[in-house]
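This report concerns only the one structure given below.
So that the names make sense, note that chain A is the first sequence line, chain B the second, and so on, each numbered from 1. The figures that follow rest on heavy atoms only: side chains count, while hydrogens, waters and symmetry mates do not.
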Number of protein chains: 2
Amino acid sequence: MTAGPAAPVTVVVGAGLVGASIGHALTAAGWPVHLVDAVPSHAAVAAGLGAGTAEPADPDQVGLVVVAVPPRVIADVVGESLDTYPHATVTDVGSVKAGVLDALWERPVDLTRYVGSHPMAGSHHSGPVTADGELFVDRTWVVTPHRKSAESSVERVVELVRACRARLVTLDVDDHDAAVARVSHLPHLVSVLMAGHLTNVPEEDLVLAGQGLRDVTRIAGSDPGLWQQIVGANSTAVLRELRQVAVSLDRLISAVETGPADPALVRELERGVDGTRRIPGKHGAAPVPYEQVVVAIPDEPGALARLFGDVEAAGVNVEDIAIEHDASRQVGYLTLSVQPERAEGLALVMRDGGWTVV
Amino acid sequence: MTAGPAAPVTVVVGAGLVGASIGHALTAAGWPVHLVDAVPSHAAVAAGLGAGTAEPADPDQVGLVVVAVPPRVIADVVGESLDTYPHATVTDVGSVKAGVLDALWERPVDLTRYVGSHPMAGSHHSGPVTADGELFVDRTWVVTPHRKSAESSVERVVELVRACRARLVTLDVDDHDAAVARVSHLPHLVSVLMAGHLTNVPEEDLVLAGQGLRDVTRIAGSDPGLWQQIVGANSTAVLRELRQVAVSLDRLISAVETGPADPALVRELERGVDGTRRIPGKHGAAPVPYEQVVVAIPDEPGALARLFGDVEAAGVNVEDIAIEHDASRQVGYLTLSVQPERAEGLALVMRDGGWTVV
């Protein structure tokens with residue numbers, strides 16, 4: 001509460017991917033950052049890579065503490081930090097918010113100085129070595145004020161979000177948890193359901209697996225221990241969604257039972273299409289229907305390099321690329337996603353350059 | 001049955017993506033191909049692009065007919081083809097096999113000359129313009145002989161698969177349908193279930209959507225009319241899988257209800273991880289745990305082209321690439337998937353070349 005120039009130091013507790021990335025971002029923004037980790041060598045590695053210093057901070061100088069630890073210990077570490085740093089605003093970066101607040105509510109801590117938050121960024125990498133100060137740029141970072149949080153504390157966390165160049169979204173704690181149950185935790189469990197089903201599928205059937213199955217099951221490969229904590233912490237909201245899916249599944253089964261002549265099945269399939277169209281474009285932008293330009297990559301040394309040279313020379317902003325490269329065929333296709341109004345021009349330039357556009 | 005040099009011509013019925021691609025592949029292999037389509041201009045376009053000729057074939061000269069039409073008309077077109085081309089083996093390329101065979105079984109046609117097949121290749125593109133003679137190279141192509149099919153007819157369809165350079169898998173009709181129900185139709189419906197659920201999710205929640213949700217729901221965006229036909233044609237096998245998933249979903253709901261302290265939830269999550277590990281590598285190869293080398297792409301003109309030049313100069317076979325490119329940040333990361341034993345060497349060479357490897 002007595003922040004300002006008198007308490008200019010930030011402490012990041014937890015030097016994993018998210019904590020160390022915050023350290024990098026704040027260091028780049030000129031904030032003095034002290035890194036703390038239950039495993040001191042992790043803090044030292046992150047510090048060595050430029051995410052801050054691993055030296056202990058003077059508690060009276062600390063104006064902000066960012067708690068970036070595994071879900072099950074967040075409430076404890078937040079509580080300890082509120083005690084250890086008497087002038088600091090404390091935030092956490094966990095993906096579920098209500099449980100932490102509920103746990104803290106029962107303790108004799110100064111809750112005016114706690115404001116939860118949730119940066120919606122991550123990576124399939126983990127650990128301080130893959131940390132990146134740009135991890136949060138243009139990503140959504142939810143800040144979740146509560147009934148007791150002081151306005152100055154909320155302001156401090158908003159400054160953190162701004163310093164990391166993320167997109168600020170302010171949500172009530174329960175609204176946040178309901179939203180991530182719907183767009184993150186439920187999809188994870190649906191993926192787990194499909195992937196788990198494969199444990200009963202004969203191996204010879206799996207030879208017929210295509211990209212669709214791989215896409216649907218990809219996130220099910222994530223750390224079960226972490227997801228046990230996330231789902232456990234948000235079980236009320238997750239159960240509400242799961243039970244709705246169980247009802248939808250029964251309806252889908254009935255639709256398949258009635259047969260394709262009945263419109264029920266096609267209605268379910270159309271509902272799926274409608275749902276995919278509601279997902280906004282990446283980074284929270286409005287959905288952009290990019291157009292794809294597919295170019296054959298000839299089996300020649302340096303072909304990819306020449307191809308990218310020509311794409312860049314065309315001056316078209318490529319939003320996304322995908323390559324289908326087959327080691328045994330030595331041939332591939334490059335899919336370039338571009339704004340619809342640029343697709344024709346790019347295709348033309350590439351053809352003029354002698355490339356096969358399909 | 002009296003095939004051989006006397007009936008050397010192949011007719012492809014249906015000049016969409018799959019039919020026209022078969023036309024290209026066979027033409028490249030030196031087979032004379034005649035294209036037929038309910039919309040004659042489609043056959044003409046495919047012929048103009050080199051997939052064969054749109055001229056009618058002499059029925060007595062036709063040794064093979066490939067039926068590449070929408071699911072609901074396959075049985076009719078196969079039946080007509082058996083009548084029209086008296087010496088021809090007839091195959092289809094539909095994704096469900098038992099229904100077509102059952103429908104034909106009741107008709108007065110020469111079933112010894114029919115052998116179903118299913119090329120496991122496709123694309124999110126469709127139509128003759130995106131056809132590609134290499135579409136089937138190293139892809140699985142299932143051939144499904146039945147009790148009445150003549151050995152010479154099976155041989156003829158195997159020759160077709162070989163000419164398209166696909167990987168031959170021979171399966172019983174019902175085994176095929178059960179397999180695709182498990183690895184293709186069920187994943188599709190699970191994706192539809194999740195995507196359909198999004199139609200009830202508030203728009204402000206969807207702003208928090210990440211890549212996981214996009215992956216799980218991607219295939220749900222496919223043509224509902226086509227999937228109505230596919231699921232309808234394989235409803236018995238699909239229902240068996242859907243009902244098992246309903247049981248698993250109930251078990252998952254119970255596991256979430258018991259809470260994270262109980263091992264039931266983590267067991268479900270681990271089952272998901274086990275399932276993802278059972279999916280073989282692309283093109284049916286054994287699962288290869290590629291290693292990823294992630295290189296930062298600087299914000300400089302020509303950077304991508306130089307980067308690919310250096311990757312190719314390193315002489316490492318890149319199995320897959322992915323790019324994270326953000327138009328507003330003008331910065332990106334290139335993920336190169338390589339054989340594990342080549343990852344360290346590639347990282348070293350790239351670092352030596354002045355690139356930032358993360």
Side-chain angles (χ1 to χ4, degrees), chain A residues 120 130 137-138 179 182-183 187 190-196 198-199 201 205-209 212-213 215-221 224 227-228 232 235 239 242 246 248-249 253 256 260 265-266 269-276 278-279 284 302 304-305 308-309 312 317 321 323 327-329, chain B residues 120 137-138 179 182-183 187 190-196 198-199 201 205-209 212-213 215-221 224 227-228 232 235 239 242 246 248-249 253 256 260 265-266 269-276 278-279 284 302 304-305 308-309 312 317 321 323 327-329 358:
Chain A
M120 309 285 292
T130 56
V137 177
D138 294 330
R182 290 166 184 143
V183 304
V190 167
S191 182
V192 164
L193 201 62
M194 181 63 231
L198 297 181
T199 59
V201 168
D205 291 5
L206 289 165
V207 172
L208 306 187
L213 179 65
D215 284 352
V216 174
T217 58
R218 185 183 63 80
I219 53 175
W227 277 95
Q228 177 192 28
S235 59
L239 279 170
L242 278 177
S248 302
L249 177 54
I253 289 174
V256 177
L265 175 57
V266 82
L269 295 164
E270 282 166 353
R271 203 165 157 256
V273 174
D274 292 344
T276 61
R278 293 197 69 210
I279 305 174
L304 254 184
F308 273 92
E312 294 192 345
N317 213 340
I321 63 171
I323 198 170
S328 59
R329 290 165 68 179
Chain B
M120 310 285 291
V137 177
D138 294 330
R182 290 167 185 143
V183 304
V190 167
S191 182
V192 164
L193 202 61
M194 181 62 232
L198 298 181
T199 59
V201 169
D205 290 4
L206 289 166
V207 172
L208 306 187
L213 180 64
D215 284 352
V216 174
T217 57
R218 187 184 60 83
I219 53 175
W227 277 95
Q228 178 192 28
S235 59
L239 279 170
L242 278 177
S248 303
L249 177 54
I253 288 173
V256 178
L265 175 58
V266 82
L269 295 164
E270 284 167 352
R271 202 165 158 256
V273 174
D274 292 344
T276 61
R278 293 198 67 210
I279 305 174
L304 255 184
F308 273 93
E312 294 193 343
N317 213 340
I321 64 172
I323 198 170
S328 59
R329 290 165 66 179
V358 298

Shortest non-hydrogen contact between [X] and [Y], atoms and distance:
{"X": "A220(B)", "Y": "V273(A)", "value": "O-CG2, 3.4 Å"}
{"X": "M194(B)", "Y": "R182(A)", "value": "CE-O, 3.7 Å"}
{"X": "G272(A)", "Y": "A195(B)", "value": "O-CB, 3.2 Å"}
{"X": "P224(B)", "Y": "L269(A)", "value": "O-CD1, 3.5 Å"}

Worksheet item: Which region of I253(B), side chain (C-beta onward) or backbone (N, CA, C, O), has a non-hydrogen atom less than 4.5 Å from a non-hydrogen atom of chain A, or is it both or neither?
Response: both
Item to complete: Measure the CD1-CG distance between I219(B) and D215(A) for me, rounded to the nearest 0.5 Å.
Response: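 The CG atom of D215(A) is 7.0 Å from CD1 of I219(B), to the nearest 0.5 Å.
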Practice prompt. Mind checking the OG-CG spacing from S191(A) to L213(B)? Nearest 0.5 Å is all I need.
Written response: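 Rounded to the nearest 0.5 Å, the OG-CG separation comes out at 11.0 Å.
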Fill in: Engaged part of L265(A) at the chain B interface, taking heavy atoms whose separation is under 4.5 Å
side chain
Practice prompt. Return the set of residues passing side chain to side chain contact (heavy atoms under 4.5 Å, CB included) with S235(A) (not counting sequence neighbours), or none when no residue passes.
Written response: V256(B)
Discussion item. Applying side chain to side chain contact (heavy atoms under 4.5 Å, CB included), can you list everything that pairs with A179(A), at least two apart in sequence or on another chain?
Written reply: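 Side chain to side chain contact (heavy atoms under 4.5 Å, CB included) list for A179(A), sorted by chain: D205(B), L208(B).
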Worksheet item: Less than 4.5 Å apart, any side-chain heavy atom of T276(A) and any of L198(B)?
Response: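 Not touching, per the 4.5 Å side-chain cut-off.
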Discussion item. Any non-hydrogen side-chain atom of L193(A) less than 4.5 Å from a side-chain atom of V190(B)?
Written reply: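 Side chain of L193(A) against side chain of V190(B), heavy atoms only: no contact under 4.5 Å found.
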